[in-house]
K.L.:
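Encoded as structure tokens, here's the structure I'll be asking about.
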Number of protein chains: 2
Amino acid sequence: MKPCCFSLLKAAPLFKGLSETELQDVSACAKESRLLRAGHYFRQNDAARRVFVLTHGHVKITQLSTEGTQVFFRVIGPGEIFGIIGGFGENSYPVSAYSEGPATAWSWDTKCLLSLMEKYPKIALNVIQILSRRIQEMQDRFRDLATQRVERRVATALLRLAAKSGTREADGILINMKLSRQDLAEMTGTTLFTVSRLLKTWQTGGLIVSARQRIKLTVPHALAQIADEIPIPTPRTGK
Amino acid sequence: MKPCCFSLLKAAPLFKGLSETELQDVSACAKESRLLRAGHYFRQNDAARRVFVLTHGHVKITQLSTEGTQVFFRVIGPGEIFGIIGGFGENSYPVSAYSEGPATAWSWDTKCLLSLMEKYPKIALNVIQILSRRIQEMQDRFRDLATQRVERRVATALLRLAAKSGTREADGILINMKLSRQDLAEMTGTTLFTVSRLLKTWQTGGLIVSARQRIKLTVPHALAQIADEIPIPTPRTGK
DNA sequence: AAAGATCTTTGCGCCAGCGCAATGACCCGG
DNA sequence: CCGGGTCATTGCGCTGGCGCAAAGATCTTT
């Protein structure tokens with residue numbers, strides 16, 4: 001394993017707290033999966049045989065409902081784990097993992113990871129922490145979807161994305177991945193039309209700069225303000 | 001510990017696969033928390049010191065957004081674990097746990113459970129499985145909220161509740177807990193008014209019988225049909 | 001460079017479901 | 001058995017955001 005990747009694994013939340021030698025042991029049974037271009041790491045309903053840790057790129061986690069509508073659950077960035085959900089209980093992935101461009105991940109056979117967790121309980125505890133966080137995040141998003149209006153949800157989504165994979169630039173924070181209106185709509189439970197209109201408004205107002213599949217937040221704190229506005233606001237203006 | 005409760009713990013998913021003696025060990029540091037009447041096991045933002053396994057009753061897991069709107073995440077039934085989320089990462093519960101009536105739970109100090117998990121990795125694996133399921137469930141609900149209309153979501157919620165805490169009766173399945181229109185609204189991301197109107201329609205159609213805080217599904221398969229209907233259906237009727 | 005394939009914008013019509021208020025039903029404690 | 005509190009119903013008005021279609025912009029491939 002290349003040293004750079006090794007240090008990335010070392011920093012991954014999944015392996016936090018492991019010693020150097022333990023990490024060696026762990027990485028012994030890992031396999032590198034590299035995508036040279038856009039493609040799937042796995043598809044919904046595939047047999048869940050492996051668990052992944054992304055080392056490079058971005059992965060979109062989506063789910064297709066039986067009727068064909070798609071929802072977008074999360075973006076996986078470097079260091080993050082994915083594909084852990086189907087592996088233990090049911091034996092198939094409940095979601096698809098897709099990358100829009102080149103990406104690299106290390107992966108472990110599910111059974112192998114299971115025995116690693118028994119050998120090093122620390123890993124299991126890390127998994128528990130990661131899953132806990134993820135539940136909280138899903139709960140938050142569920143709450144937003146249930147109680148906030150579209151504008152806030154989209155603003156929140158943009159900020160979340162910027163925090164996760166934004167790069168600071170002179171004139172704002174660029175969200176560093178392909179991101180269509182459709183993607184944002186699937187994340188926030190709305191339609192691409194509505195997202196398009198919203199972004200347009202914000203762009204006109206100077207809050208963002210958007211191009212095809214690319215969004216830069218020029219005034220993030222204004223978005224944050226929108227994201228924190230009163231909830232189902234404004235029956236009537238106070239007069 | 002009373003034998004009845006002991007066997008309940010034995011059947012709890014959290015302790016699945018433990019031997020008799022291991023269970024003895026585990027239960028040694030447990031504490032019984034009994035609610036004689038309606039009340040909270042814990043409130044959102046309380047320090048997350050204990051993890052609970054419900055042995056009797058029902059517990060509602062809710063969250064209050066900063067602006068005061070409440071959402072209803074799940075119902076905990078006997079055997080299920082709750083209060084595990086805040087304990088490991090952040091140190092406060094992100095939700096409230098409330099019972100409408102008498103209830104009994106066993107609880108463990110978070111740190112104590114942590115060392116139990118290191119001692120018996122099986123427990124940690126069980127936790128991982130439970131959390132995985134819960135994530136899947138939240139994802140499903142998120143998807144429904146994002147893509148289905150209210151009617152379907154409420155039908156789904158009723159069926160879920162019936163499956164979890166319904167009792168078969170001569171004329172249908174009674175959902176065995178206090179359940180207001182408001183509760184259903186908070187579960188499905190709508191308003192109590194809309195729920196009221198929906199239930200009314202269904203009652204008129206003979207699908208359900210509802211009284212104050214009590215709902216019986218008389219024709220569950222008809223509800224299931226509603227729950228499985230086409231998604232964002234019906235632009236125009238076929239003519 | 002031209003043809004396709006995506007992605008985005010925009011106008012228009014429309015309705016599911018919300019917000020509110022007022023009334024009615026039911027429960028429980030004293 | 002009464003009184004106050006909680007829960008449920010219902011009518012009415014309204015609008016946020018969806019659905020669709022069609023055109024425009026941008027990227028990719030050959």
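Atoms considered below: every heavy atom in the structure, side chains included; atoms not considered: hydrogens, waters and symmetry mates. Chain A is the first sequence line, chain B the second, and so forth, proteins listed ahead of strands; every chain is numbered from 1.
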K.L.:
Would you please confirm or rule out a distance under 4.0 Å between OP1 or OP2 of C/dT9 and any side-chain N or O of A/Ser196?
P.N.:
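Looking at the OP1 and OP2 atoms of C/dT9, one of them is under 4.0 Å from a side-chain N or O of A/Ser196.
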K.L.:
Without hydrogens or angle criteria, can the side chains of A/Glu90 and B/Gln136 be said to hold a donor-acceptor pair below 3.5 Å?
P.N.:
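Yes, a side-chain donor-acceptor pair sits under 3.5 Å.
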K.L.:
Does B/Thr191 make a side-chain N or O approach to OP1 or OP2 of C/dC18 shorter than 4.0 Å?
P.N.:
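Indeed, a polar side-chain atom of B/Thr191 lies that close.
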K.L.:
Roughly, in whole Å, what's the span from CZ in A/Arg214 to P in C/dC7?
P.N.:
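After rounding, the reported distance stands at 13 Å.
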K.L.:
Are OP1 or OP2 of C/dT8 and a side-chain N or O of A/Lys200 less than 4.0 angstrom apart?
P.N.:
no
K.L.:
Starting at CD of A/Gln182 and ending at P of D/dC20, how long is that distance when rounded to a whole Å?
P.N.:
13 Å
K.L.:
Rounded to whole Å, please give me the gap between CG in A/Leu198 and P in D/dG17.
P.N.:
8 Å
K.L.:
What is the separation between atom CD on B/Glu186 and atom P on D/dA8, rounded to the nearest whole Å?
P.N.:
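Checked: the CD to P distance equals 12 Å.
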K.L.:
Is the distance from OP1 or OP2 of D/dG16 to the nearest side-chain N or O of A/Arg149 less than 4.0 Å?
P.N.:
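For A/Arg149, the contact criterion (side-chain N or O under 4.0 Å from OP1 or OP2 of D/dG16) is not met.
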K.L.:
Is there a donor in the side chain of A/Ser65 and an acceptor in the side chain of A/Glu67, or the other way round, less than 3.5 Å apart?
P.N.:
yes
K.L.:
In whole Å, I'd like the distance from the CG atom of B/Asp183 to the C1' atom of D/dC7.
P.N.:
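So the CG-C1' distance, B/Asp183 to D/dC7, works out to 11 Å.
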K.L.:
Take atom CD of B/Gln203 and atom C1' of C/dA25, then tell me their distance rounded to the nearest Å.
P.N.:
13 Å
K.L.:
Taking side chain as C-beta onward, heavy atoms only, is A/Thr156 less than 4.5 Å from A/Gln148?
P.N.:
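Sidechains of A/Gln148 and A/Thr156: no contact.
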K.L.:
Between B/Arg143 and B/Asp140, does any side-chain N to carboxylate O distance fall below 4.0 Å?
P.N.:
yes
K.L.:
Nearest-nucleotide wise, let me know which of A/Leu179 and B/Val150 is further upstream toward the 5' end of DNA chain C.
P.N.:
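Final value for this comparison: A/Leu179.
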K.L.:
Would you mind reading off the distance between A/Phe193 atom CZ and D/dG17 atom P, rounded to a whole angstrom?
P.N.:
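So the two atoms are 16 Å apart, to the nearest Å.
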K.L.:
Whole angstroms only, please: what is the CG-P distance between B/Leu192 and D/dC7?
P.N.:
10 Å
K.L.:
Among the nucleotides D/dG19, D/dA8, C/dC7, which one has an atom lying closest to any side-chain atom of B/Arg181?
P.N.:
D/dA8
K.L.:
Do the rings of B/Phe42 and B/Phe52 sit parallel, tilted or perpendicular, given the 30° and 60° boundaries?
P.N.:
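Rings of B/Phe42 and B/Phe52: tilted, as their planes differ by 30° to 60°.
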K.L.:
Within less than 4.0 Å of OP1 or OP2 of C/dA16, is there a side-chain N or O belonging to B/Thr194?
P.N.:
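Indeed not, no polar side-chain atom of B/Thr194 lies that close.
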K.L.:
Can a donor-acceptor pair under 3.5 Å be found between the side-chain atoms of B/Arg212 and the base atoms of C/dC26?
P.N.:
yes
K.L.:
Can you tell which of C/dT8, C/dT10, D/dT9 lies closest to the side chain of A/Arg197?
P.N.:
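Among C/dT8, C/dT10, D/dT9, the one nearest the side chain of A/Arg197 is C/dT10.
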